[in-house]
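Below is one structure, written out as structure tokens, with a few remarks after it.
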Number of protein chains: 2
Amino acid sequence: MSIPSGSRATLKDVARESGVSSATVSFVLNRTSGQTISAATRERVLAAAARLGYTPHRIARALREGTSRTVLLSTGSGPAGHSLESFIDGLETELGEHGYTLLVVRGHRAGALPAGLLETIAPRAVLDPVSAYAPAAADAGDGAGAASDGADAGDGAGGASGGAGAADRAGVADWEGGWAHGLAAHSQTQLRYLVEQGHREIAVALPEGGPYARLAALRLDYARTAAAELGLPEPPVIRLGSDRAAAAAELRGMRKKHPGVSAIAAFNDDVAFLVLGAMADLELEAPADLAVIGFDESRYGALWRPALTTVRIDAAAYGRRAARGAIGLELGEWPSSPSRVVRRESA
Amino acid sequence: MSIPSGSRATLKDVARESGVSSATVSFVLNRTSGQTISAATRERVLAAAARLGYTPHRIARALREGTSRTVLLSTGSGPAGHSLESFIDGLETELGEHGYTLLVVRGHRAGALPAGLLETIAPRAVLDPVSAYAPAAADAGDGAGAASDGADAGDGAGGASGGAGAADRAGVADWEGGWAHGLAAHSQTQLRYLVEQGHREIAVALPEGGPYARLAALRLDYARTAAAELGLPEPPVIRLGSDRAAAAAELRGMRKKHPGVSAIAAFNDDVAFLVLGAMADLELEAPADLAVIGFDESRYGALWRPALTTVRIDAAAYGRRAARGAIGLELGEWPSSPSRVVRRESA
DNA sequence: ACTAATCGCTAAATCGAATTAGTTCAACTA
DNA sequence: TAGTTGAACTAATTCGATTTAGCGATTAGT
């Protein structure tokens, strides 16, 4: 009976099936506020929808609403640690609970998404963790002040651009700064572990330039603070490009200048790998000659020789918060993201 | 003058601006076949469209056409070598030339895409290289048979599902088998290099089970053939899980059974890393004690100690062909994908 | 008792492009 | 000269959901 002709059930089919207008069906299914529907009608509509297996046609909806119920997360091509993985998990979970879909696009900077992607998707918001790492245009102080609200013709130029009001735009921007800080704060965990292992003079290894410049500066700040709190001397810094020979030279230089350094806290696992490679070139062993600890557990640490000790950060709660910001819900309190040391061989 | 109210220009705006109906504009802009348009009108329309900066509203179009001009590529969460990177490049280029957009979604099996993704995107086709690695439903021979093609209501269950006819579906399926074979064929390059380095007894390292079971079997076939062609003895096989201790044991066993083996050709770079790790545990050095060559260059090979020698495969031409198949164009000849050895330290 | 507000619901407009079914006019055929 | 054909367009419908305007009936307010 009243099976929709060939394929899928539409609003109209549900309306016909339940004997009301399609407007009413829409009201019921969307719980439209400001509309009163009798309990009896609601039941009939719901039943009909269930019977026909109705699913809203998302493209039609997107056309009408001007934007799809989608949030796009554009991650850079850089290494993806566990914090990003868990962040995505949280994001996806929270969005899913509100009927939104998360779309993760990797390997593009947000400004350089494939042509037409934003137009075909018309996401409600574009999230871009990398832009939090990159230097902002006009940066007053330390807060996330990527206020590039100028005559931006193209969309998605800023770190996060909501579809609707400036309100959620602000909300998302808010998240970003917080994200970077939230991440950086775990420098504590990293240093504390090394101290527990008996190290006193600890160097910090950062990536040289690139998209991480800003986050690197932030990490350094936190590392200094943490060192001070732990009663350690100011940590020497080595900056590593992607060239291994140069990395080895840099490491040798640091060792000469600070012979007492017995451990290195790396910016992330990739930098830690670079350090380990340089150490191998200098015939140094970790952790005997120099302990190395990574940051933000990556997939390769366990395979490495020596296996990399690192810090695992669970950012799912951040993901949920970011989701709420992106779709314009109340943000609530800042969550805390737990972190713990994954102890392997290198430290 | 006649600036479209607030935001973007629509077909209607172009029609008004050029003094014709919106149907005519659509005919002109789409070069609709079976419609004759005078040169003068065409020019006026084109000029007006350019002047207003008209861009088709892709969502409206998708609603009308039933599917967006988009192709979705769903890669597994597994390691991505250069062949995949270049494949994606080719895909994107060719699609772009025909007004299509490529959307790459990583970390999901095609059958398990985020809820609602397919519906919101409505891609013209879904491409899924991983399914070429996984055991197929009707697999006579050796592939482990996790054939779960049951009562799958959802779409995107198959390796590639086109939106339209069975014709392009066939085209895409065609590509997949070819892709796996095209990749596997480069086992030749791998072995030939080792032979050139003076090796005669060469073992093959494969991943144990997992999603690569089928591709592994294929690679083994090609390796055997290549070995025969090069006049080598039948290559011994070691199978490595993800556990390093087990890998070391496996390697030791192989060395005992085949003491003459002087080189290992790995399934891919990740497996090669595992071999190198096992070698370190056994206090063996590459390439002195055992040469190791990877396959399908990954981003980490250059960082490793010793730096990994591997095979780089350029699959861009395959990508272009897959694109043509996905949007229903003629496929043309099978392209050849060049490969070359990236010589580093391990072999 | 008469106006005002509220309930419960529907008709119709809207979003933007593609497409079907015509319409008009001129040229050409029989 | 009537009839056919084709070129060059246009009006109107369609895709499917959301949303505004509004209608009749009931309830509340003074």
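Residue numbers start from 1 in every chain, and the chains themselves are labelled A, B, ... in the order their sequence lines are given, proteins ahead of strands.
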Looking only at heavy atoms, which two atoms of A:S21 and A:A15 are closest? And how far apart?
C-CB, 3.7 Å
Determine to 10° how strongly the helix from C:dA1-D:dT30 to C:dA30-D:dT1 is bent, judged from the axes of its five-pair ends.
50°
Please check this pair: side chain of B:R8 against backbone of B:T55, looking for a donor-acceptor N/O pair closer than 3.5 Å.
yes
Is the phosphate of C:dG16 approached by B:R61 (side-chain N or O, under 4.0 Å from OP1 or OP2)?
no
Look at the side-chain N and O atoms of A:Y54 and state whether any lies under 4.0 Å from the OP1 or OP2 oxygen of D:dA17.
yes
Which residues pass the side-chain contact (heavy atoms from CB on, under 4.5 Å) test with B:R58, not counting sequence neighbours?
A:E119, A:T120, B:T101
Has B:N30 got a side-chain N or O lying under 4.0 Å from the OP1 or OP2 atom of C:dA18?
yes
Taking NZ, NE, NH1 and NH2 as the nitrogens, is one of them in A:E94 or A:R324 under 4.0 Å from a carboxylate oxygen of the other?
yes
Is A:K12 salt-bridged to A:E17, cutoff N-O under 4.0 Å?
no
Within the sub-3.5 Å range, which N or O atoms of nucleotides 23-29 of chain C have a protein N or O partner, and how far apart are they?
none

Among residues at least two apart in sequence or on other chains, which ones pass side chain to side chain donor-acceptor pair (under 3.5 Å) with B:S86?
none
Please tabulate, one pair per line, each protein N/O and nucleotide N/O from nucleotides 7-15 of chain D that are separated by under 3.5 Å, including the distance.
| residue | atom | partner | partner atom | Å |
| --- | --- | --- | --- | --- |
| D:dC9 | OP1 | B:S38 | OG | 3.1 |
| D:dC9 | OP1 | B:T41 | OG1 | 2.5 |
| D:dC9 | OP2 | B:S38 | N | 3.0 |
| D:dC9 | OP2 | B:S38 | OG | 3.1 |
| D:dC9 | OP2 | B:T41 | OG1 | 3.0 |
| D:dC9 | N4 | B:Q35 | OE1 | 3.2 |
| D:dT10 | OP1 | B:S21 | N | 3.4 |
| D:dT10 | OP2 | B:S21 | N | 2.7 |
| D:dT10 | OP2 | B:S21 | OG | 2.9 |
| D:dT10 | OP2 | B:T24 | OG1 | 2.5 |
| D:dT14 | O2 | B:R64 | NH1 | 2.8 |

A:S26 side-chain N/O to A:S22 backbone N/O, donor-acceptor pair under 3.5 Å:
no
Please name all residues satisfying side chain to side chain donor-acceptor pair (under 3.5 Å) with B:S38, sequence neighbours left out, ordered by chain then number.
B:T41
